[in-house]
Amino acid sequence: MHIDYQNDLNPAQYEAATTLDGPILVIAGAGSGKTRTIVYRLARLVESGVSPAEILLLTFTRKASSEMLHRAEGLLGHQGLGNVRGGTFHGFAYSLLKQHAGLLGFERGATVMDRSDGEEILSQAKDRLKIGKGDRKFPKRATVLGLYSKSRNKELTLEQVLRQEAYHLGPYEDDLTRLLEEYERIKRECGLLDYDDLLFLLERLLTEHPHVREAVTSSISHIMVDEYQDTNLVQARLVRLLTKPGDTSPNVMAVGDDAQSIYAFRGANVRNILDFPKIFQGTRVIKLEQNYRSTQPILELTNAILDGFRDKFAKRLFSERTDSRLPEHVLPFSDRSQARLVTAKVTELSRTYPLDQIAILFRAGYQSYHVEVELNKIGLGFRKYGGIKFSDAAHIKDVLACLRLSQNTSDLPAWQRILGNVPGIGPKSAQKIHHAAMINDQAFIKAQRAKRPALDDLLRVLDTLRTQVMRPSTAITFVLEYYQPVLREKFPDDYPRREAGLEELTQISLSYDDIPSFLGDLSLDSPDAEEDRGQAVTLSTVHSAKGLEWDAVLVIDLVEDRFPSRHAMNDNDDFEEERRLLYVACTRARDSLTLFSPETLYSRELAATTPARVSPFLQDIPSHLLSRYREQFTGGVGLQTLPTPRRAPEGTSSQSSRPGPGEDFATPAPRPASSTQTPVQGTYCRHKIFGRGKVVQRVEPNKYKINFPGFGLKLIIEDFVELE
DNA sequence: CTGCCAGAGCTTTTT
DNA sequence: GCTCTGGCAG
């Protein structure tokens, strides 16, 4: 099979894909065919005789790397890229640390812990040191861990972080310092690694054990790092350490876009990408500036959003995709009515685009709440990214706790979790049992077992898991025998749903051969629960939308304090990061972009509605780049027309807002609920999205269960269907 | 010690 | 609206 690199790629892409040796920095604007370039380069490397096993591809998510490998395989027309080493920095680090755990002093095994485990350890530390007891002002566990992680990622002292980020916590500095020392101690005692440990320990492994570095680097001939703008200081040093010592011109390619750097909050440092050419002498810098994704009007808007911060690798994206439609800016009355206008807009868009090509983006997870309610009302399916992760669910964690204990007997959070399910055992007893297990105090354990038969069962299960080496799927099946009854007891109201989740966990586990890799992957890059389950709109935080694209994108809550986030208003760097975040959001759109800024917000503290101001990022935008719409009292939205240009008076932003003719916004026209004539089952009806369907059942007070061919059974509020 | 209740306080983004 | 904490009864 012959690949026509010249023809398939533009000159810049071609240069990036076919330069195989030496350091390269690719500055790839949004939608400039970055993935395509990496894919072609992978193919080229393999064609030129590089063994896939010698290629290291570090990406932001496992999904991104598997997509690239998959596409490259398609290009090459054969399998065989399965050996490419890849994944996230954290995942890669874990795979190496696992092999050399002994060198780093983890004899009892080492488990990756997630956030809630961290909080558990912190509680433990607080307890032991008696810090913050009864002090309501004492920062919460999540806050403490956040500060600590920040200090490690930015490589600043706790004092510096407190001064920058949380001045008001200054008085707690000593307490926090002691607390975190204790946290470190307990963590180590339990053989647990937090996310930051993975990176720093790998660095230690590679620097303190030259023969390990030797072995690792000699097995890697080419390194590619995607999303380089979001790497932090350790990660940049790791890239360095993964090249052969003394190699002045290593085969490293970094790909990124400084305009899309959105992870400074966790220590990402734009300097990394700016300084790459300095660290690797003779770096070839290649810029990809042609955008293949979005229409020109969308790009003009995003360029305008970018105007306003200095951009070291200055670039302006251009596109050949013309379109007369401008991005829309809609001003709903409130956040509540925003949700209705959003669903109406989605309904309208769904006539043109498939549902899975539409996304609703927001700054923070909670902001989609109203929209979720509205989508449910009209029976539209959605998938939410960036919300609760699959492996965060209590029942999943329970089962995983057993697997963790089979690998690492000292894992305190796992003990706490699984023992907490035994009736009569709470945190205190759990801790005692953990302690007894650590020093193997048979007498104590025996007494406890005699007292509680349920505990006896559990310990037998754990013993079996520890003595027999099982495949992950076998182990889960085994644990479920014990756990199923516990589950039904613990969640009497929704255990069927949770059992389905456990079934899925078993499915996922089938593709793993050993328990440590299974556990590692699950906590490092949790697979999306049920991939594409039919047609659904995507709801996502902007962060989680990174690297993805849709035909139509809606961004909500573009008002001060929400987007930009209230926390970013004091610090200029934070503020600029919010701007880049909006840039990332808008550049996800191929054809259609709609921005929403509600005029009022419901404030929980005040239990009242307060006025909101349009996001500063949109106030600077020249008005000819956007169509502005306001919600109308009479329903729907009206185009806001500008006064004839005669020098608009300064300060008065009173652009005449004429109601205008009702725009086609498909506002669902609520009909008076007429429950008088209950329709017979079997009647046909119409729905704006699902089309014609058959009424299966009336669900009081105001819904129908309807079967739509191709969509299945839906529960829909009567106002949204027209009976025939 | 555990498990339940009520009241207070607060909300970013993720590996 | 949701989570965390402290107080209290069993």
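Just so we're on the same page: letters track the sequence lines, and every chain starts at 1. The shown structure was predicted, so the numbers you read here are calculated from the model rather than taken from an experiment.
- A donor and an acceptor atom, one from each side chain of A:Asp196 and A:Ser149, are located under 3.5 Å apart.
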Close N/O contacts between protein and nucleotides 3-7 of chain C (under 3.5 Å):
unit_1 : atom_1 : unit_2   : atom_2 : d
C:dG6  : OP1    : A:Gly134 : N      : 3.2

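- Both geometric conditions, a ring-centre gap below 5.5 Å and a plane tilt below 30°, are fulfilled for A:His567 over the base of B:dT12.
- The nearest whole Å value for the distance from the CD atom in A:Gln367 to the P atom in C:dG1 is 17 Å.
- How far CD of A:Glu578 is from OG of A:Ser615: 9.0 Å, rounded to the nearest 0.5 Å.
- A distance of 10.0 Å separates NZ in A:Lys546 from OG1 in A:Thr587, rounded to the nearest 0.5 Å.
- When heavy atoms are screened at a 4.0 angstrom cut-off, A:Tyr263 is found touching the sugar-phosphate backbone but no base atom.
- Residue contacts shown for A:Gly91 are absent, as no nucleic acid heavy atom lies under 4.0 Å away.
- Residue-environment remark: CZ (A:Arg452) exceeds the threshold of 12 foreign heavy atoms within 6.0 Å.
- Taking CG from A:Asp456 and CZ from A:Arg449, the interatomic distance works out to 4.5 Å, rounded to the nearest 0.5 Å.
- Taking atom CZ on A:Arg579 and atom P on B:dT12, their separation rounds to 22 Å, with Å as the unit.
- With rounding to whole Å, A:Glu578 atom CD is found 12 Å from B:dT12 atom P.
- Distance, A:Lys451 NZ to B:dC1 C1': 10 Å, rounded to whole Å.
- A:Phe92 has its CZ atom 16 Å from the C1' atom of B:dT15, to the nearest Å.
- When distances run from any side-chain atom of A:His90 to the nucleotides B:dC1, B:dT15, B:dT14, the shortest one goes to B:dT15.
- Contact annotation: A:Ser544 reaches the phosphate of B:dT14 (side-chain N/O to OP1 or OP2, under 4.0 Å).
- Ring geometry for A:Phe60 versus A:Tyr263: interplanar angle of 30 to 60°, hence tilted.
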- side-chain hydrogen bond (donor to acceptor under 3.5 Å, both in side chains) between A:Lys377 and A:Thr343, intermediate numbers included: CA-CA 10 Å; A:Lys377 262 196 214 165; A:Thr343 47; over 6 Å; no
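- Proximity note for A:Arg363 (side chain, C-beta onward) versus B:dC1, B:dT15, B:dT12: the nearest is B:dT12.
- Spacing between C:dT5 and B:dT12 at atom C1', rounded to whole Å, works out to 23 Å.
- Phosphate contact (OP1/OP2 of B:dT14, side-chain N/O of A:Thr541, threshold under 4.0 Å): present.
- For the pair A:Phe60 and A:Pro427, nearest-nucleotide mapping onto DNA chain B gives the more 5' position to A:Pro427.
- In this structure, the CZ atom of A:Arg115 is 10 Å from the P atom of B:dT13, given to the nearest Å.
- The six-membered or imidazole ring of A:Phe617 lies near that of A:Phe575, with a centre-to-centre distance under 6.0 Å.
- Place A:Leu581 and A:Val422 on DNA chain B by their nearest nucleotides, and A:Val422 ends up nearer the 5' end.
- Residue A:Ser429 has a polar side-chain atom (N or O) positioned under 4.0 Å from OP1 or OP2 of B:dT2.
- Both stacking criteria are satisfied for A:Phe265 over the base of B:dT13: a centre-to-centre distance under 5.5 angstrom and an angle between ring planes under 30 degrees.
- Atom pair A:Asp196:CG and B:dT15:C1' shows a separation of 8 Å (rounding to whole Å applied).
- To the nearest angstrom, P of B:dT15 lies 13 Å from CG of A:Asp521.
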